[in-house]
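Read through the structure below, which is laid out as structure tokens, and then see the notes.
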Amino acid sequence: MLNLKFIQDYPEVVIEKLRKKNFDAAEIVGSIVDLYQQKNAAQQKVEQAKAEMNRISREIGQLFRDGKTEEADVAKARTLELKETIRELDIRFVEIEKKVMELQILLPNLPHESVPAGKGEEDNLVVKSGGEMPQLPGNALPHWELAQKYNLIDFELGVKITGSGFPVYRGKGSQLQRALINFFLDENRKAGYEEIQPPLVVNEDSGFGTGQLPDKEGQMYHVTLDNLYLIPTAEVPVTNIYRDVILDAKDLPVKNTAYSACFRREAGSYGKDVRGLNRLHQFDKVEIVQIAHPEKSYAILEDMVKHVGGLIDKLELPYRVLRLCGGDLSFTSALTYDFEVWSAAQEKWLEVSSVSNFESFQANRMKLRFRDESSKKPQIAHTLNGSALALPRIVAALLENNQTPEGIRIPKALAAYTGFDII
RNA sequence: GGUGAGGUGGGUGAGUGGCUGAAACCAGCAGUUUGCUAAACUGCCGUACGGGUAACUGUACCGCGGGUUCGAAUCCCGCCCUCACCGCCA
């Protein structure tokens, strides 16, 4: 959520920047500016009245103590009208405040200057590529067929037990999952991230803090009986660790990593886009999260991008990095780099990581602050996160790209974790 | 699920219808003392939103939301949460 004072002070900047996200903010911003002034006027009025009331009440207390009960009764009579005034003013003030808030949360985060203009994924900017594209023979199999051939993943069994999008991993397929999780966690830990095991269900406040709620509740599985949500990413519980927290500046940046199962309802799409491991309702992901000083957050974002690139390098997969254009940027993000690996048999790029700087957007929602030695006042921190990495599409690419007549070759770095180097 | 206890500032923990934004202690910060450390002493030490160039100042906040009252951390109602014990269970 954007800072109210900032919207008030720079309405044109907000409107202009959001244009890049193809979001027409003119009307909302106009209303906010207008309401903000009304709010301040209302606040001054109501507080003045309350101050007067407090003064009289103190007087009455003193009169009673002095035993001047008659004078006290006279004073009491004076408060009647004032009380009614306060009641009315208060209602009005609360109403305005609520309206401002409702509008405020409708505004997406402002995109960073480096975000390219554009409507959709075709306008994303390729900023980096790595790895080598494998040359597969004409009879190369897509990963879902490889998964079946080698008995690694049973999609139909998942349908039986739960429904589509909930695959059953078995044998070496299951071991591969576990190996990847451990590999990622270890690499992240070596890079200075503290390992966290968060809850997989969260309450409403947490959903609001990271921006899933309100609005995007349709994307999460909702446990209505307890009003809890299955997490779509470990970002939610991990970032919310710091909700309502004032950190010490010297503890920044905070670096956390967590493995979690992720649950996403996202009904949309069909056909080959959701074939096999391309899109699932439940999948595994290792996430990295950082809480940063505002002046350092962009340098940290670059660090995170480098780190994620390093992981993919070790898995020997061809990949590219995209800087998302305004139209493809999420509601909460100021700048996002997507990592895509090449899935050689499908012959398509698959997104395996999304590394973002949210600046103060999430932190403002969850009142995540830090205190600087210089300025005594707490200020809003910046939050960042990225996948490091999401498993299913990595597995898809590993299976497809490394298929040989002898079997599927496991990259060296990973073989140390699987205990086998070929499937 | 049942029963009981309780939710107060970074922590521990007092507290009563008004003089309580809240004792005391610990932690933290600044200073005095000191060869250094320690100790001792002194002062400071919540957040948000307003007003003011500023000093400063107003309001709100003692889990959340209502209510009673001139006045509520304190009394009443509802909700949420935590803890303990029992039951069930990994």
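Computed from a predicted structure; not experimentally measured.
Using a 4.5 Å heavy-atom cutoff, the side chains of A:Arg170 and A:Leu152 are not in contact.
Whole-Å rounding puts the A:Arg78 CZ to B:U69 C1' distance at 17 Å. Rounded to an integer number of Å, the gap from CD of A:Glu52 to P of B:G58 is 14 Å. Between A:Ile246 atom CD1 and B:G10 atom P the separation is 7 Å, expressed in whole Å. Protein atom CG of A:Leu89 is 15 Å distant from nucleotide atom C1' of B:G58, rounded to whole Å. The nearest whole Å value for the distance from the CG atom in A:Asp205 to the P atom in B:C80 is 14 Å. Between the CG atom of A:Asn203 and the C1' atom of B:C79 there is a distance of 15 Å, given to the nearest Å. Rounded to an integer number of Å, the gap from CD of A:Glu84 to P of B:C70 is 13 Å. Between A:Glu47 atom CD and B:G58 atom C1' there is a gap of 6 Å when expressed in whole angstrom units.
The partner of B:G1 is B:C86, by the rule that a Watson-Crick or G-U pair needs both atom distances under 3.5 Å. The partner of B:G78 is B:C64, by the rule that a Watson-Crick or G-U pair needs both atom distances under 3.5 Å. Look at B:U37: it lacks any Watson-Crick or wobble partner with both distances under 3.5 angstrom.
Side-chain atoms of A:Asp154 and A:Gln148 include no donor-acceptor pair closer than 3.5 Å. With 3.5 Å as the limit, one finds a donor-acceptor pair spanning the side chains of A:Glu204 and A:Asn227. Under 3.5 Å, the side chains of A:Ser297 and A:Asn357 contain a donor-acceptor pair of N or O atoms.
Of the P atoms belonging to B:C45 and B:A39, the separation is 23 Å, rounded to the nearest Å. With both ends at atom C1', the span from B:U47 to B:A22 equals 14 Å, rounded to whole Å. B:G18 and B:G13 have their C1' atoms separated by 24 Å, given to the nearest Å. Taking atom P in both B:G50 and B:U42, one finds a spacing of 39 Å when rounded to whole Å. To the nearest whole angstrom, the two P atoms, one in B:A84 and one in B:U68, are 38 Å apart. Rounded to whole Å, the separation between the P atoms of B:G78 and B:A5 comes to 16 Å. With both ends at atom P, the span from B:U57 to B:G65 equals 28 Å, rounded to whole Å.
Among the protein residues, A:Ile60 comes within range of the nucleic acid bases, having at least one heavy atom under 4.0 Å from a base atom. Using a 4.0 Å heavy-atom cutoff across all strands shown, A:Arg369 reaches sugar-phosphate atoms only and no base atom. When heavy atoms are screened at a 4.0 angstrom cut-off, A:Lys45 is found touching no nucleic acid atom at all. Contacts of A:Gln44 with the nucleic acid, taken as non-hydrogen atoms under 4.0 Å apart, involve only primed sugar atoms and P, OP1 or OP2.
Among the nucleotides B:C49, B:C70, B:U47, the one closest to any side-chain atom of A:Arg371 is B:U47. For A:Thr79, the side-chain atoms get nearest to B:C70 when compared with the rest of B:C70, B:G51, B:U59.
Both A:Lys39 and A:Ala75 lie near RNA chain B, and the one whose nearest nucleotide falls closer to the 5' end is A:Lys39. With RNA chain B read from its 5' end, the first of the two nearest nucleotides for A:Ala51 and A:Gln62 is the one closest to A:Gln62.
Remark: A:Asn40 is in phosphate contact with B:G51, judged by side-chain N or O atoms under 4.0 Å from OP1 or OP2. When the side-chain nitrogen and oxygen atoms of A:Asn54 are compared with OP1 and OP2 of B:C70, none of them lie within a distance under 4.0 Å. Residue A:Lys5 places no side-chain N or O under 4.0 Å from the OP1 or OP2 atom of B:C49.
Ring to ring, A:Phe361 and A:His382 are not that close: their centroids are 6.0 angstrom or more apart.
At a cut-off of 3.5 angstrom, the base of B:G50 holds no donor-acceptor pair with the side chain of A:Gln43.
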Let's go through A:Val355 and A:Thr336 carefully: what are the C-alpha distance in whole Å and the side-chain angles of both, what is the deciding distance for side-chain contact (heavy atoms from CB on, under 4.5 Å) to 0.1 Å, and is it a yes or a no? CA-CA 5 Å; A:Val355 185; A:Thr336 295; over 6 Å; no

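Between A:Asp303 and A:Lys306, no side-chain nitrogen of the basic residue sits less than 4.0 Å from a carboxylate oxygen of the acidic one, so the salt-bridge criterion is not met.
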